[in-house]
Number of protein chains: 2
Amino acid sequence: MNIHSGPDEPKTVYSEKRAEILRAALELIAEHGFHGAPMSTIAVRAGVGAGTIYRYFENKDVLIKELFLELHEKICAWSLKGYEADKPLRQRFLHFGTALLRYFIANPRDFRYLEQYHNSPYGAEFRRDRILGKEESGGLGRGLLEEGVAQQIVKDLPLAVLFSLAFGPLVMVARDHILGFVELDDFLIQQTVQACWDGIKK
Amino acid sequence: MNIHSGPDEPKTVYSEKRAEILRAALELIAEHGFHGAPMSTIAVRAGVGAGTIYRYFENKDVLIKELFLELHEKICAWSLKGYEADKPLRQRFLHFGTALLRYFIANPRDFRYLEQYHNSPYGAEFRRDRILGKEESGGLGRGLLEEGVAQQIVKDLPLAVLFSLAFGPLVMVARDHILGFVELDDFLIQQTVQACWDGIKK
DNA sequence: CGGCCCGGAATGAATGTTCATTCCGGCACG
DNA sequence: CGTGCCGGAATGAACATTCATTCCGGGCCG
């Protein structure tokens with residue numbers, strides 16, 4: 001069997017061990033950062049031998065990058081759930097923001113991992129994509145804002161600024177919740193996203 | 001001369017080399033992260049021998065922590081500049097936010113370093129301080145928000161949430177500017193801070 | 001004056017440790 | 001009996017830190 005994805009195989013062959021390795025890496029990196037996650041420890045936590053990891057991932061960088069891509073897709077999928085294109089813009093925004101924040105709170109490890117990833121040399125590559133205009137990264141959020149500007153509902157500011165206004169607070173508040181500085185219940189989540197909307201609306 | 005601060009000396013004796021080491025560490029860590037800043041490289045960049053660093057800093061952790069403290073103080077000082085306690089709350093907020101954002105843009109290395117620091121095991125300690133209610137970390141910002149809540153000018157939300165709403169966007173937009181995704185001029189800075197105020201005001 | 005000696009700062013090669021990655025004997029399945 | 005997956009010990013590179021040695025300035029003695 002050819003483990004490394006062949007030219008026409010489904011992108012990733014299912015494998016119990018592969019999944020265990022990813023899970024272990026996620027846990028360790030989210031909790032202790034890249035420093036506190038040596039391959040040997042990942043192996044132990046995944047219940048496999050150190051060498052086995054290399055049967056599934058060419059090296060640590062690849063492992064880390066694939067884990068990122070997996071989480072990225074997972075979030076994209078989640079935040080599209082229940083999206084209704086015919087509702088007014090404001091409602092779609094609130095729905096999207098709420099979904100995102102809920103996801104972070106429900107999956108703190110995913111959130112912490114993404115933060116680690118972005119603040120690391122790995123993140124640079126991802127940023128380059130953003131320069132090159134690739135849509136996907138939070139693409140829905142971006143689209144929403146563009147639409148708002150076009151409809152004159154949203155302040156007329158550069159997209160990057162609007163993006164920061166809309167999602168900067170969500171990220172920071174999610175971090176605070178996960179670190180235990182606030183307890184966000186459903187009501188607070190809605191208030192928070194509403195306040196973000198207040199910030200960008202005209 | 002006693003380099004390590006004596007009991008009644010000013011906290012840090014002035015030293016050409018000490019300053020060079022801190023500058024080199026700041027540059028390297030801000031640009032390449034903690035990974036890309038081995039002591040040997042810091043030494044080269046500072047123009048001193050590797051061993052010399054240890055005459056000024058007990059070890060790498062201490063070096064990193066002292067650099068953080070130095071930047072922290074520098075920012076506190078800056079953001080207090082021109083603060084007028086008798087102006088209305090909104091104006092004080094706008095002044096403070098603008099000053100902060102300007103600082104980040106004028107000192108991108110400081111900003112990047114602080115980001116690295118917070119997303120690292122070192123940051124944990126700092127966070128613990130916040131739990132224990134220590135005022136200083138962005139203490140002025142916090143005070144402003146408390147006052148706003150008391151005066152019923154600002155939304156009645158937990159302080160951590162308000163803090164995120166007010167400063168999350170500033171941090172994110174500063175990052176975007178430094179990475180080249182937006183070009184913030186003076187007008188945009190003011191618009192941005194104003195939008196943050198819109199987010200938290202009642 | 002000029003040579004000499006000393007204290008302490010500075011140096012950078014040597015050390016020990018921590019990993020990522022590789023390698024190889026063994027084991028299970030066909 | 002093969003074949004190919006596994007485990008985990010072995011390897012070597014990258015670092016932080018140490019320490020024996022060098023260097024330097026400035027008092028002291030002849």
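Each chain gets a letter, A, B and so on, in the order the sequences are listed, and its residues count up from 1. Both backbone and side-chain heavy atoms feed into the values below; hydrogens, waters and symmetry mates do not. Just so it is clear, the structure is predicted and the values come from calculations on it, not from any experiment.
Under a 4.0 Å N-O distance rule, the pair A:Arg92/A:Glu84 does not qualify as a salt bridge. Between A:Glu70 and A:Lys65 there is no salt bridge, since no side-chain nitrogen of the basic residue lies less than 4.0 Å from a carboxylate oxygen of the acidic one. Contact check on B:Arg102 versus B:Asp186 returns a salt bridge, with a Lys/Arg side-chain nitrogen under 4.0 Å from an Asp/Glu carboxylate oxygen.
Using bins of under 30°, 30° to 60° and over 60° for the plane-to-plane angle, the ring pair A:Tyr122/A:Tyr117 lands in the parallel bin. Relative orientation of the A:Phe93 and A:Phe167 rings is tilted, given thresholds of 30° and 60° on the angle between their planes.
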Reading nucleotides 20-30 of chain C 5' to 3', which nucleotides get B (base under 4.0 Å from a protein heavy atom), which S (sugar-phosphate only), which -? SBB--------

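The distance between atom CD1 of B:Ile42 and atom P of C:dG12, rounded to the nearest whole Å, is 16 Å. Atom C1' of nucleotide D:dG8 and atom CZ of A:Arg55 are separated by 15 Å, given to the nearest angstrom. Across the protein-nucleic acid pair, B:Phe57 atom CZ and D:dT17 atom P stand 13 Å apart, rounded to whole Å. Note: CD (A:Glu20) to P (D:dG7) measures 12 Å, nearest angstrom. At whole-Å resolution of the value, CZ in B:Arg18 and C1' in C:dA10 are 17 Å apart.
Every residue two or more places apart in sequence or in another chain that forms a side chain to side chain donor-acceptor pair (under 3.5 Å) with A:Asp110 is listed here: A:Lys74, A:Tyr103.
Proximity of residues 21-31 of chain B to DNA chain D (heavy atom under 4.0 angstrom from any strand atom) is not detected for any residue.
B:Arg175 forms no cation-pi arrangement with B:Phe111, by the criterion of a distance under 6.0 Å to the ring centre and an angle within 45° of the ring axis.
The minimum heavy-atom distance linking B:Leu89 with B:Leu144 is given by the pair CD1-O, 3.7 Å.
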